[in-house]
Amino acid sequence: MNIDLNETWFLGDVEIPTRLVLAPMAGVSVQAFRRQGRRYGAGLVCSEMVSVAGIQHRNERTLGYLRVGADEHPLAIQIFGSDAAAMAEAARMVEAAGADIVDMNFGCPVKKVTKTGAGASLLDDPDHACRLVEAVATAVPLPVSVKMRRGVENGSRTCLTVGPRLVEAGASSLTLHPRSAKQMYTGTADHSLTAELVSLVDVPVIASGDVTSHAKALSVLATTGAAAVMVGRAAQGNPWVLREILGEAAEPSREEIVAELLLFIRDTVRELGEHRATGFLKKFYGWYLGRGRFPRPFKQELVMLPTVSDAEAHLLAAAPGARFVLERLLSEAPDPEEEVLLDSLQLSIYGGG
Ligand SMILES: Cc1cc2nc3c(=O)[nH]c(=O)nc-3n(C[C@H](O)[C@H](O)[C@H](O)COP(=O)(O)O)c2cc1C
């Protein structure tokens, strides 16, 4: 079978330019991550899961997750919750924020989320799960996608009964991460379930779990018939893997690594503010500089530095040529002002309270 990852496909009426999707990851999928993912060939990027309750209470930090950059499209914003009216309202907010797709989280295995009746626990309450999809699909004209696990318990095949029902309720696409919620991230993703799901629904299915290379992407697409593969952990601090998955050999130079990290730092500071970004970025230092790319003591020194500016200076000292790569990246980036401003967004939706 001749499989081309650079083929276009459609999620609802949204054209997705490649068969590679960047996974939503809480604490990772900030705007900088998504923009970078698009630049490196992801056809679709997704926000981390955004709390519907947080949106309802106009929590400032939650609303910040709805900021959409001009160079992110096509973009899905993922919401999680368990109340149909609140989900519908959040979906309208997602639409107003400028997203192309509303994604619903039926896969989060974390207790804090499942105990509220949201995330993966919805797989055990299919009637309610369908009501939520229907409420969201009715509320907005955007395509609605659902991301789910195989089920709650180990060995569960619930996704195969719930999935088709979610499509009937209005889902235009399903993403399956075929591990159980109990499994968290242990064991392996069983993509034979993805293949079964593909055979049961007539909407595109996205295969998520353990896709880390071109060869793996090809085999998952060939054996499942999925429309696209989703890549999560392999892309943390490693946008080059996206190019490799698309079939282009892509080992970065030291200068490229440092330049991408510097751009990531700048974008993240702009998005989160310096205080929040300082702590947030520390895990990314290890991810970018790991994989044998930089010596361990260098990473340790970087994490210990008190400010982002110190980290930037330290990085530039290690790879002075990165300055020129960064200049090129900055000249190619769109104007940061070209993003949906939350103030106007709130006014346009909540004008009059
Ligand atoms: C740190 C982290 C955070 C995640 N957050 C989310 C999330 O917010 N929403 C979601 O649907 N999945 C989330 N996931 C699951 C991923 O989207 C993906 O399905 C999973 O990691 C398997 O893919 P991978 O093997 O390519 O990492 C998260 C995974 C990780 C590792």
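Whatever order the structure lists them in is the order used to number ligands and atoms, beginning at 1. Predicted model, so just to flag it, every value in this text is computed and none were measured.
- Of the candidates A120, A26, G27, it is A26 that places a heavy atom closest to atom 1 (C) of ligand 1.
- Remark: K283 fails to qualify as a cation-pi partner of Y285 under the 6.0 Å distance and 45° angle criteria applied to the six-membered ring.
- At a threshold of 4.0 Å, the pair D4-R19 does not count as salt-bridged, since none of the basic side-chain nitrogens sits closer than that to a carboxylate oxygen.
- Polar contact check, A234 against ligand 1: no nitrogen or oxygen pair lies under 3.5 Å apart.
- Closest to atom 11 (O) of ligand 1, if we only count protein heavy atoms, is Q78 NE2, 2.8 Å.
- Considering both main-chain and side-chain atoms, Q236 never comes within under 3.5 Å of ligand 1 through any nitrogen or oxygen pair.
- G209 counts as a contact of ligand 1, since one of its heavy atoms falls under 4.0 Å from the ligand.
- Ion pairing between R328 and E332 holds under the 4.0 Å rule for side-chain N and carboxylate O.
- Contact annotation for H177 and ligand 1: only side-chain heavy atoms (C-beta onward) come within less than 4.0 Å of the ligand.
- Ion pair K147/D103 not flagged as a salt bridge, since none of the NZ, NE, NH1 or NH2 atoms sits closer than 4.0 Å to an Asp/Glu carboxylate oxygen.
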Side-chain polar contacts of residues 202-210 - donor-acceptor pairs under 3.5 angstrom, sequence neighbours left out - could you list them?
residue, atom, partner, partner atom, Å
D210, OD1, R179, NH1, 3.3
D210, OD1, R179, NH2, 2.9
D210, OD1, R233, NH2, 3.3
D210, OD2, R179, NH2, 3.2
D210, OD2, A189, N, 2.8

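- Between R58 and E89 there is a salt bridge, with a side-chain nitrogen of the basic residue lying less than 4.0 Å from a carboxylate oxygen of the acidic one.
- In this structure, atom 26 (O) of ligand 1 lies nearest to the protein heavy atom G232 N, 2.9 Å.
- Contact annotation: for K147 versus ligand 1, heavy atoms closer than 4.0 Å belong to the side chain alone.
- Nearest non-hydrogen protein atom to atom 13 (C) of ligand 1 is P24 O, 3.0 Å.
- With Y288 as the aromatic partner, R293 does not meet the cation-pi criteria of under 6.0 angstrom to the ring centre and within 45 degrees of the ring axis.
- The pair R35-E271 does not meet the salt-bridge criterion, since no charged nitrogen lies less than 4.0 angstrom from a carboxylate oxygen.
- Heavy-atom proximity to S208, at under 4.0 Å, picks out these atoms of ligand 1: 18 (C), 19 (O), 22 (C), 23 (O).
- Surrounding CZ of R291 are more than 12 heavy atoms belonging to other residues, nucleotides or ligands, all under 6.0 Å away.
- Of all atoms in ligand 1, listed by their number and element, those nearer than 4.0 Å to a heavy atom of R233 are 21 (O), 24 (P), 25 (O), 26 (O), 27 (O), 31 (C).
- Applying the 4.0 Å criterion to heavy atoms of A23 picks out, from ligand 1, the atoms 17 (O).
- At least one heavy atom of Y185 sits under 4.0 Å from some atom of ligand 1.
- In summary, the side chains of S156 and E153 do not present any donor paired with an acceptor at a separation below 3.5 Å, with no hydrogens or angles considered.
- Under 4.0 angstrom from ligand 1, the non-hydrogen atoms of N105 all belong to its side chain.
- Annotation: V28 places no N or O atom under 3.5 Å from an N or O atom of ligand 1; distance criterion only.
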